[in-house]
Protein chains: 4
Amino acid sequence: MSKKAAPDPSRRSETARRAILTAALDLVGEVGYAKLSIEGIAAAAGVGKQTIYRWWPSKGALLFDAFLTLAGEGDDGQSAALPDTGDLAADLKLVLRATVEELNDPRYDQPMRALHTEIVHDPALAADYAKRLDEPMRELKKERLRSARDAGQLAADVDLDVAVDLLFGPVLNRWLQRTGPLTAEYADQVVDTALRGLRPREP
Amino acid sequence: MSKKAAPDPSRRSETARRAILTAALDLVGEVGYAKLSIEGIAAAAGVGKQTIYRWWPSKGALLFDAFLTLAGEGDDGQSAALPDTGDLAADLKLVLRATVEELNDPRYDQPMRALHTEIVHDPALAADYAKRLDEPMRELKKERLRSARDAGQLAADVDLDVAVDLLFGPVLNRWLQRTGPLTAEYADQVVDTALRGLRPREP
Amino acid sequence: MSKKAAPDPSRRSETARRAILTAALDLVGEVGYAKLSIEGIAAAAGVGKQTIYRWWPSKGALLFDAFLTLAGEGDDGQSAALPDTGDLAADLKLVLRATVEELNDPRYDQPMRALHTEIVHDPALAADYAKRLDEPMRELKKERLRSARDAGQLAADVDLDVAVDLLFGPVLNRWLQRTGPLTAEYADQVVDTALRGLRPREP
Amino acid sequence: MSKKAAPDPSRRSETARRAILTAALDLVGEVGYAKLSIEGIAAAAGVGKQTIYRWWPSKGALLFDAFLTLAGEGDDGQSAALPDTGDLAADLKLVLRATVEELNDPRYDQPMRALHTEIVHDPALAADYAKRLDEPMRELKKERLRSARDAGQLAADVDLDVAVDLLFGPVLNRWLQRTGPLTAEYADQVVDTALRGLRPREP
DNA sequence: AAGTAAACGAGACGGTACGTCATGTCTTCGG
DNA sequence: CCGAAGACATGACGTACCGTCTCGTTTACTT
């Protein structure tokens, strides 16, 4: 029925796949997103262009895959869970400071910006991103907040999704739009400010 | 001394300028950002390419200008100030709901996404954006919050910038990343959740 | 010692061979020579590309084979000999008119042009062509001329090869280069002129 | 009315044009016709591909132009006319031997073969060839034959076009198809045989 | 009013990258 | 173990735009 014979994944060359993902990530770091070309990735990976077009529908999808695959391997297994020392503010600050540090790391900055650019314009990729990257992370964050709520450190009726957005949204925004310096201090301020309201009223 | 003879702004053709800005905005809405080309804008505006390259340093700058100029004319004069009925929550919800509505309007969605894409990758443009669009708006928002703080509806030691980020960041994020539906209800939730902490403790 | 394991002809699939030859001839008629691809032939024949590469060294060789094999089957046995009614001019005109007709037949035109193109650029193929197609035909023609010479209808010292070239060359040329209409009348003229010579009869 | 805006010839860069024609001719001699690519010509000429596509509809047309332009400059002015010493046979042999020599010259062989290949498959190009190359040459040849006819060295009723075909066709054929060695002797034989005719002299 | 200088429309130029197609080689699988 | 199927590296195809560079042609501003 379909016009195009779908390629057979069982015949796929793992060597080529990894070379492409690695080259993509390397190149986006080297030359930046604007100058990132399929042509260049293919050349750097020692691969025919068709091999890229065969397996990825768009540059964004490739980038996302590169990101996911190669990042996913840094974690042996998965990031498991957020720290839970009982001190919610401290734990959140730890996490948010780490996020800030990562976003300031040039190795992560470029590829992440590239990925976000694609997401902004490609709803399909955005959906993929939401499901495969955002949601798992969000779940971990919500888990930590749930534990805090159970410990009475959070108002019982707080929507956890909104809480996550309140905590992490500002940092992501400041990074994307460069509306101000992205520092550990800012992270702390956001946590403090956000929490003051998330905490239950004192009698 | 300078390599490039600077063009003389006094001789600039207002007709060409407006045609270009209009064409840019129209085209980004029609064909989307990815397929937006200087070549196309020039053709649609009935203008030589050089006339664009003469006056704008980048596609992003042109887009930003188009955005600013043509949007700025909708406001007769300026947006003046945020509403101040004395009810902070209601006023913020009004503003945030309006923002949500605008972001959901297809006429604004495409050009805004385009602009944000450029901002993500062009620090110079980001600075321009921060100064000419973000900061004035932010000032209005802070003004309203300041008034609320004076009225005792906000904790005295709250950083107003962080407060603004907390209120508007989540909405912008959800729009850019499509991590969830962008509704008036969400706007209300964000305001309520953020405020609960921004308010002073009750005794 | 040899780099290439020679394929074993005894194991060759006759089905595949015929399918390929047929497909090649069909395709060159359908899409023309310029768009004829090994890829397309393999697909049309329901055969792997390697099966073609294994048995034919070049597209020209395949085409030639297709031509020879499938055309050779139209003749049950072989064309035997040229007509010999005793009237040399009439016999030659008959043959040349038939040639003209064949060259004007769209079914032969495309494949023959394709074959000639390859011959022009591939000396090996040209040699093959000379030996397997041109020479046998030429021999038949020379046989008829020899018979005429014995009958005193041809000058005794005429080189038969040159004679054949004089008779058939002009027609082939006009076909290949389209320098003029290829008609039966032209064929007759060539025969008459060649036989008579360009010089006036001496008294 | 037309879809495509035709390029303006008055703005054409003569430098680019000559570089392209020269590169085309050089390359076809170096790498042969089969490996001749527009890409390669553009690179060798130091020219963008589009500059070639803008001005020539096909590789064949470019080749033809290259041939015509650059060859036409060897002749200062034009080839004027064929020699006319009064001895028709000698004059024709001179011309035909020159033709043979040219066809055996590697510098001419490759480009000419390339051109002929294109002609075989491209009727438009064939027409162009007939009009701009074949016809002028043919006219010169016919002129010489006409002079001979007036001098009583040619039968009065000979069709001059057929005569030209008879004289030059065999040589061209032998060259294109390599059905035999292309020598001065062969040229002489063709002239003698054509002039004299195949039939024996009547007593 | 004539002269001049800059911005204008147009678009050719040398390039880069696109996404598709065909090449010829190599690997995997089923009969 | 051959042959089909098809993934692979390579590289040309023709197209779209890039940003630069002339070309005349307006359109102001001098003189």
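Residue numbers start from 1 in every chain, and the chains themselves are labelled A, B, ... in the order their sequence lines are given, proteins ahead of strands. Since the model is a prediction, treat every value here as computed from it, not as a measurement.
Distance C:W56 CH2 to E:dT23 P: 15 Å, rounded to the nearest Å. If you take CH2 of A:W55 and P of E:dG19, they are 18 Å apart, rounded to a whole angstrom. Atom CG in D:D8 sits about 10 Å away from atom P in F:dG24, given to the nearest Å. We find that CD1 of A:I52 is positioned 9 Å from P of E:dC18, with the value rounded to whole Å. Straight-line distance from the CD atom of A:E14 to the C1' atom of F:dC8: 15 Å, rounded to whole Å. For A:K35 and E:dG15, the NZ to C1' distance is 12 Å, given to the nearest whole Å. Per the geometry, CD1 belonging to C:I41 stands 12 Å off P belonging to E:dA22, to the nearest Å. In this structure, CZ of C:R12 is placed 17 Å from C1' of F:dC1, rounded to the nearest angstrom.
The side chain to side chain donor-acceptor pair (under 3.5 Å) contacts involving residues 112-123 of chain C comprise C:Y33-C:E118, C:D109-C:R113, C:T117-D:H121, C:H121-D:T117, where partners must be two or more places apart or lie in separate chains. The salt bridge (Lys or Arg N to Asp or Glu O under 4.0 Å) analysis of residues 43-53 of chain C, with sequence neighbours excluded, yields the pairs C:E39-C:K49. Each side chain to side chain donor-acceptor pair (under 3.5 Å) pair with one or both residues in residues 53-64 of chain A, not counting sequence neighbours, appears once here: A:W56-A:D65.
Between the side chain of A:Q50 and the base of F:dC8, no donor-acceptor pair of N or O atoms lies under 3.5 Å.
At the phosphate of F:dA7, neither OP1 nor OP2 sits under 4.0 Å from any side-chain N or O atom of A:S13.
Not counting sequence neighbours, the partners of B:S13 by the side-chain contact (heavy atoms from CB on, under 4.5 Å) test are B:T15, B:A16. Residues satisfying the side chain to side chain donor-acceptor pair (under 3.5 Å) criterion with A:Q110, sequence neighbours excluded, are absent altogether. Listed by chain and residue number, B:A19, B:I20, B:A23, B:V47 satisfy the side-chain contact (heavy atoms from CB on, under 4.5 Å) test with B:A45 (two or more places apart in sequence, or in another chain). B:T22 meets the side-chain contact (heavy atoms from CB on, under 4.5 Å) test with B:D26, B:L70; sequence neighbours excluded.
With rounding to the nearest 0.5 Å, the separation of CD1 in B:I52 from CG in B:L62 is 6.0 Å. Taken to the nearest 0.5 Å, the CG atom of A:L125 stands 9.5 Å off from the CZ atom of A:R132.
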Name the pairs: protein N/O against N/O of nucleotides 28-31 of chain E, kept only if under 3.5 Å.
residue : atom : partner : partner atom : Å
E:dT28  : O2   : A:R11   : NH2          : 2.8

Report each atom pair, protein N/O against N/O of nucleotides 12-14 of chain F, whose distance is under 3.5 angstrom.
residue : atom : partner : partner atom : Å
F:dC13  : OP1  : D:I38   : N            : 3.1
F:dC13  : OP2  : D:I38   : N            : 3.2
F:dC13  : OP2  : D:E39   : N            : 2.9
F:dG14  : OP2  : D:Y53   : OH           : 2.5
F:dG14  : N7   : D:K49   : NZ           : 3.0
F:dG14  : O6   : D:K49   : NZ           : 2.6

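Nucleotides of DNA chain F nearest to A:V47 and C:V47 differ in position, and the one nearer the 5' end is that of C:V47.
Residue C:A16 is classed as a sugar-phosphate contact, given heavy-atom separations below 4.0 Å to backbone atoms only.
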